[in-house]
Amino acid sequence: MSKEEFYAKLKKYLRGKLSEPEKEKVNQWLDALGTPEESGWSESDQKAVFEKIKNKINKSEKSMPSNNIFWLKVAASVTITIALSYLIITALKPEPQRLRVEKVFLNDGTIVWLKPHSKLTYYETADSSERHASLTGEALFEVAKKDIPFFLDCGKNTIRVMGTSFSIRSSGDSLELKVLTGRVKIFSASNPTGIEAGPNEKVIDTSNGLSKLSMNPKDKPTLIPLSEYDMDFQNTPMTTVLQRLEKKFNITINVADPQMKACRITADFTDQSLQNTLLLIAEILEVEFVITESTVQITGSGCK
C-alpha cells in the first residue's frame, strides 16, 4: 500500500466509510506500525500518520486515557495496574475483536492476559510453599504447573488451583469463572466447603451464591482470540509454529538447519510451558534444543 493510498484510506476509515476488506488492510498496516522494516515506512513517515490520528482525536475527544503500566516490587510481591492506551482503539474505533489485552509473566512462570482496566497483584510466601494473587476485572490465566498451590482472591471468593488454565471476570461480589484445563476449587464465606469445576465447566457467583454449569462452545472465553493461548496446530509449517512460540513466550528461536522450517507439524501445545512444548517438538521431529535466558537454539534437520 502506498503512502498516498494509505492516507486516503485512513481518512475514509476515520469516517467509517471503508468496506470490511479495506478496513482489514488498514488494520494490518497499523499492526506493523513501530517496526519500519515490516511496514516499509520510515519513522518520520509513521510519526506523520500518528499526528493525523491524534489530530482527529483532539477534535473529537476532550480527554484521553494514557498508558499507565507499572510494576512495584516490594520483597516478593508484585503489583500490576493496567490501563490500556486508547490511541488506536478509541481513535479508529476498530471492531470489538481487535481490543488489546496486556500479557503479564508472573514470577512463577504463570502467564496472565489482562483486559484493560483490570488490576492484578501477586506474591509468594516466604517459605515458597504457596502462591497468592488477587484480581479485579477480567483475565485469562495459564497457571504454571508446580507442586505448590496457587490461590486467587476475587472479592469474597478464593480459587485454589495447581496447574490450570481458566478465564475469570470479577467485579464487586459477582464472579464468572470458565475452566479450560485442569481443575479448580472455589471457596467463599457463604460456601466454605467449596465447589470443584473441571474442563468445559463454569462457576458463577450471584445473589443466590455459587453455582456450577456446563460450558458450551459459545461460552468459550472472549479473551482467547485476543491472546496467544490457543496453540493447536494442524499440519502447520514449522516457520509459523516457531513464530507463534516466539510471540507467546517473548523469546528468540534460532534454527541451525533452515530445512527444519519446511517441516509441518500437527500437535496441540495449548497450556504447555515453553520447556514442555520444546520437548514435544524435539520428540516429534528428532531435534535438540538449548534454552539460554530468552534465546532457544534448535539443532537437527527435523523431517529431512
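Because the structure is predicted, anything quoted here is derived from the model rather than measured.
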(message) Whether the side chain of Glu138 engages the backbone of Ser118 through a donor-acceptor N/O pair (distance < 3.5 Å, no angle test) should be reported.
(response) no

(request) For Ile281 and Val241, work out which heavy atoms get closest and say how close. (result) CD1-CG1, 4.4 Å

(request) Any chance you could measure Leu245, atom CG, to Met238, atom CE, to the nearest 0.5 Å? (result) 7.0 Å

(message) Under a 3.5 Å distance rule, please check whether Arg131 uses its side chain to pair with a backbone N or O of Ile148 as donor and acceptor.
(response) yes

(message) For the backbone of Asn276 and the side chain of Ser273, can you confirm whether one donor and one acceptor N or O come within less than 3.5 Å of each other?
(response) yes

(request) Find the distance between OG (Ser211) and CD1 (Ile204) and round it off to the nearest 0.5 Å. (result) 3.5 Å

(request) Would you give the length of the straight line joining atom CG of Leu106 to atom OH of Tyr122, rounded to the nearest 0.5 angstrom? (result) 6.0 Å

(request) Grab the two heavy atoms, one from Thr193 and one from Asn191, that are nearest each other, plus how far apart they are. (result) OG1-OD1, 3.0 Å

(request) Compare all side-chain heavy atoms of Leu210 with those of Phe187 and state whether any distance is below 4.5 angstrom. (result) no

(message) Within the 4.5 Å heavy-atom criterion, are Val255 and Val287 side-chain neighbours or not?
(response) no

(message) Donor-acceptor pair, distance only, cut-off 3.5 Å: does the side chain of Lys115 make one with the backbone of Leu223?
(response) no

(request) With rounding to the nearest 0.5 Å, note down the distance linking CD1 in Ile195 to OG in Ser188. (result) 8.0 Å

(message) Quick check: do Phe289 and Leu279 have side-chain heavy atoms less than 4.5 Å from each other?
(response) yes

(message) To the closest 0.5 Å, what do you measure between CD1 (Ile168) and CD1 (Ile159)?
(response) 3.5 Å

(message) I need the minimum non-hydrogen distance between Arg160 and Pro149, along with the two atoms involved.
(response) NH2-CB, 3.6 Å

(request) Check whether any side-chain heavy atom of Phe105 sits under 4.5 Å from a side-chain heavy atom of Ile111, and report yes or no. (result) yes

(message) Distance alone, cut at 3.5 Å: any donor-acceptor contact between the side chains of Lys202 and Asn216?
(response) no

(message) Do Leu177 and Asn157 make a side-chain contact, defined as non-hydrogen atoms from C-beta onward lying under 4.5 Å apart?
(response) no

(request) State whether the number of non-hydrogen atoms from other residues, nucleotides or ligands found under 6.0 Å of Gln234 atom CD is greater than 12. (result) yes

(request) Please lay out, stage by stage, how Lys103 and Asn250 fare under the test side-chain hydrogen bond (donor to acceptor under 3.5 Å, both in side chains). (result) CA-CA 10 Å; Lys103 178 172 59 178; Asn250 293 357; 3.0 Å; yes

(message) Using a 3.5 Å distance criterion without hydrogens, assess whether the side chain of Thr270 forms a donor-acceptor pair with backbone atoms of Asp230.
(response) no

(message) What I'd like to find out is whether the side chain of Phe141 reaches to under 4.5 Å of the side chain of Leu120, using heavy atoms alone.
(response) yes

(message) Can you tell me how far apart CD1 (Ile251) and OG1 (Thr292) are? Round to the nearest 0.5 Å.
(response) 11.5 Å

(request) Please report the shortest heavy-atom distance between Asp257 and Gly300, naming the atom on each side. (result) CB-O, 3.7 Å

(request) Report yes or no: does Thr181 contribute a side-chain atom to a donor-acceptor pair with the main-chain N or O of Ser165 at less than 3.5 Å? (result) yes

(request) Report the residues that fulfil salt bridge (Lys or Arg N to Asp or Glu O under 4.0 Å) with Asp153, sequence neighbours left out, ordered by chain and then residue number. (result) none

(message) Assess whether a salt bridge exists between Glu142 and Lys248, defined as any Lys/Arg side-chain N lying under 4.0 Å from an Asp/Glu carboxylate O.
(response) yes

(request) Side-chain contact test, heavy atoms from C-beta onward, threshold under 4.5 Å: evaluate it for Glu228 versus Phe249 and give yes or no. (result) no

(request) Determine the minimum heavy-atom distance between Glu196 and Glu201, stating which atoms define it. (result) O-OE1, 4.4 Å

(request) Identify which one of Glu288, Lys261, Met260 satisfies the side chain to side chain contact (heavy atoms under 4.5 Å, CB included) criterion when paired with Ile298. (result) Met260

(request) Would you name the heavy atoms of Ala256 and Gln297 that are closest together and state the gap between them? (result) N-NE2, 3.7 Å

(request) Decide if atom CG of Asn235 counts as having more than 12 heavy atoms of other residues, nucleotides or ligands within a radius under 6.0 Å. (result) yes

(request) Evaluate the side-chain proximity of Met162 to Lys145: yes if any heavy-atom separation is below 4.5 Å, no if none is. (result) no

